[in-house]
Amino acid sequence: MGLFKKYLTDRNKIFKNREVLRHSYRPHILPHRMPQIDEIASILAPSLRNETPSNILIYGKTGTGKTASVRYVGSELEKASSQNVATCAVVHINCEVIDTQYRVLAQIAKDIERPDETPSDKLRPHIPMTGWPTDQVYMELKNQLEARGGVLVIVLDEIDKLVKKSGDDTLYNLTRINSDLHSSRVCIIGISNDLSFKDFLDPRVLSSLSEEEIVFPPYNAPQLCDILQQRAEKAFVLETLDEGVIPLCAALAAQEHGDARRALDLLRISGELAEREEAEKVAESHVKSAQAKIETDSMIECISTLPTQSKVVLYSMLLLEQLGHLIFTSGEVCRVYQELACHLEIDVLTNRRITDLISELNMLGVINTRVVSRGRYGRTKEMWFDANSTKIQEVIQKDPRLTEQGLGQMDRTWLKQTFR
DNA sequence: ACTCCACCGGAATACTTGGCGT
DNA sequence: ACGCCAAGTATTCCGGTGGAGT
């Protein structure tokens with residue numbers, strides 16, 4: 001009973017409304033996105049006169065406000081059309097969740113069902129979540145579109161995921177659906193954060209889909225400041241943020257590709273840290289700890305999901321570091337790995353494979369590597385940890401096969417002799 | 001049953017500079 | 001002093017395999 005009491009009382013010292021800082025929160029004003037919003041709006045405007053708007057392809061890194069902007073324009077469009085004769089509707093589909101042709105078509109059909117359906121609509125068969133041939137779903141969707149008329153804007157969020165998982169058939173069908181329709185029109189907006197997905201597309205689909213292209217550039221530090229400022233006013237109790245907090249969050253996130261989500265995470269976690277240590281205000285020191293926390297958290301997450309073999313390779317490096325080596329070569333790591341793998345009675349991979357795993361660890365940012373040529377003594381790759389490796393060791397040893405007991409019997413004298 | 005993908009390793013080729021021959 | 005060689009992996013290319021998904 002009394003356990004949570006202290007959390008209930010003076011809890012609102014720092015946060016007024018924490019939800020405002022979450023990714024799912026949708027602000028009413030999107031700072032520094034007016035040019036993009038205006039462009040989208042001007043492209044979609046013909047739909048209010050019952051004309052077909054151009055299809056749009058939108059690019060931009062994560063956290064640049066693509067989805068939020070499109071949703072904003074979409075809701076404004078629906079608002080405008082309700083005062084107008086023409087009927088415009090917007091369907092928003094996240095292709096990371098809905099990732100097959102069947103489910104995309106079914107979802108669109110489901111979303112355009114109107115609550116005020118006439119009796120004849122009631123007779124219309126409901127598309128089941130599974131069971132129909134895809135062309136039948138396609139036909140049914142077409143019928144529904146014809147029945148409701150007007151213009152339907154279909155937003156395909158994370159469209160690259162859809163193309164990657166189930167090819168470009170869906171897009172092909174959707175782009176040519178207009179030629180089968182008489183009393184209604186369809187417009188497609190594709191949102192992607194990966195430019196290279198165009199390569200997987202049929203040229204015809206691509207040209208039809210990218211009649212208009214809009215790029216969302218990353219935010220710079222001052223822009224992120226504005227965004228944070230706007231949210232902070234709603235999220236935090238007045239005067240609980242030190243002056244430098246927001247600029248620091250913005251600067252750190254701007255270094256990291258200008259991701260607004262990252263900036264909001266930083267701000268939120270800074271606040272949570274301050275709250276936890278019952279500070280009066282959020283200080284810059286909290287932001288720095290938040291940054292470190294985010295980094296180690298993602299590192300821990302990353303390492304713990306590594307395949308066993310990679311962990312063993314990483315452990316080999318840790319052993320070398322404990323022997324006082326700050327920098328090790330691939331040859332050394334391979335030798336330690338082989339000994340280690342032998343003791344653990346797991347498959348011993350060849351050096352060929354180890355070098356691949358090392359490169360992978362480098363890509364993930366767990367270690368740093370550098371290729372060096374040592375003249376007569378060959379060419380090798382040097383690697384080292386940059387953060388404190390103790391965290392990494394803790395995570396690695398959570399793997400049941402890599403605990404101290406399992407390795408206690410290992411012949412460490414061999415190690416010491418070889419790598420003095 | 002069939003396809004696709006992640007994982008694996010062999011062989012060939014690329015790379016770079018200290019050392020050695022001249 | 002100069003230039004080529006060789007060491008020792010990196011890197012690339014490619015083909016095989018087993019398991020997951022459909």
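Just so we're clear, the structure is a prediction, and the values are computed from it rather than from any experiment. Just so it is clear: chains get the letters A, B, ... in the order the sequence lines come, proteins before strands, and each one is counted from 1.
For A:E277, the CD atom sits in a packed shell: over 12 heavy atoms of surrounding residues, nucleotides or ligands are nearer than 6.0 Å.
The distance from atom CZ of A:R353 to atom P of C:dT9 is 19 Å, rounded to the nearest whole Å. Whole-Å rounding puts the A:R370 CZ to B:dT17 P distance at 13 Å. Counting to the nearest Å, the P atom of C:dG8 and the CZ atom of A:F328 are 21 Å from each other. Between the CD atom of A:E332 and the C1' atom of C:dT9 there is a distance of 13 Å, given to the nearest Å. Rounded to whole Å, atom C1' of C:dT9 lies 11 Å from atom CE of A:M383. A straight line from CG of A:L357 to C1' of B:dC7 spans 10 Å, rounded to a whole angstrom.
A:V312 places none of its side-chain heavy atoms less than 4.5 Å from the side chain of A:L349. Between A:N55 and A:S208, the closest side-chain pair of non-hydrogen atoms falls below 4.5 Å.
Of the side-chain N and O atoms in A:T350, one or more sit less than 4.0 angstrom from OP1 or OP2 of B:dG9. Put simply, A:Y377 has a side-chain N or O that comes within less than 4.0 Å of OP1 or OP2 on B:dG19.
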Which side-chain N or O atoms in residues 292-300 of chain A pair as donor and acceptor under 3.5 Å with protein atoms at least two apart or in another chain?
from: A:K293; atom 1: NZ; to: A:D297; atom 2: OD2; distance (Å): 3.3
from: A:T296; atom 1: OG1; to: A:A292; atom 2: O; distance (Å): 3.1
from: A:T296; atom 1: OG1; to: A:K293; atom 2: O; distance (Å): 3.1
from: A:S298; atom 1: OG; to: A:I294; atom 2: O; distance (Å): 3.3
from: A:S298; atom 1: OG; to: A:E295; atom 2: O; distance (Å): 2.9

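A:E19 has a carboxylate O that lies under 4.0 Å from a charged side-chain N of A:R22, or vice versa, which qualifies the two as a salt bridge. Using a cutoff of 4.0 Å between basic side-chain nitrogens and carboxylate oxygens, A:R268 and A:E272 are scored as salt-bridged. Salt-bridge annotation for A:R352 and A:D356: present, with a side-chain N of the basic residue lying under 4.0 Å from a carboxylate O of the acidic one.
With sequence neighbours excluded, no residue satisfies salt bridge (charged side-chain N to carboxylate O under 4.0 Å, His left out) with A:E321. Residues satisfying the ring-ring contact (aromatic ring centres under 6.0 Å, His included) criterion with A:Y219, sequence neighbours excluded, are absent altogether.
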Heavy-atom contacts, protein to nucleotides 11-22 of chain C, under 4.0 Å, summarised as B (base), S (sugar-phosphate only) or - (none) per nt, yield SBB---------
Which pairs, protein N/O on one side and nucleotides 2-6 of chain C N/O on the other, fall under 3.5 Å?
from: C:dA6; atom 1: O4'; to: A:R376; atom 2: NH1; distance (Å): 3.3

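The listed nucleotides are C:dA10, B:dG18, B:dT17; the one nearest the side chain of A:S330 is C:dA10.
A cation-pi arrangement is absent between A:R374 and A:Y377, since the terminal nitrogen or guanidinium carbon is not both under 6.0 Å from the aromatic centre and inside a 45° cone about the axis.
When all heavy atoms of A:A263 and A:L224 are compared, the pair lying nearest together is CB-CD2, 4.2 Å.
The stretch residues 298-309 of chain A has no heavy atom under 4.0 Å from DNA chain B, so no residue of it qualifies as close.
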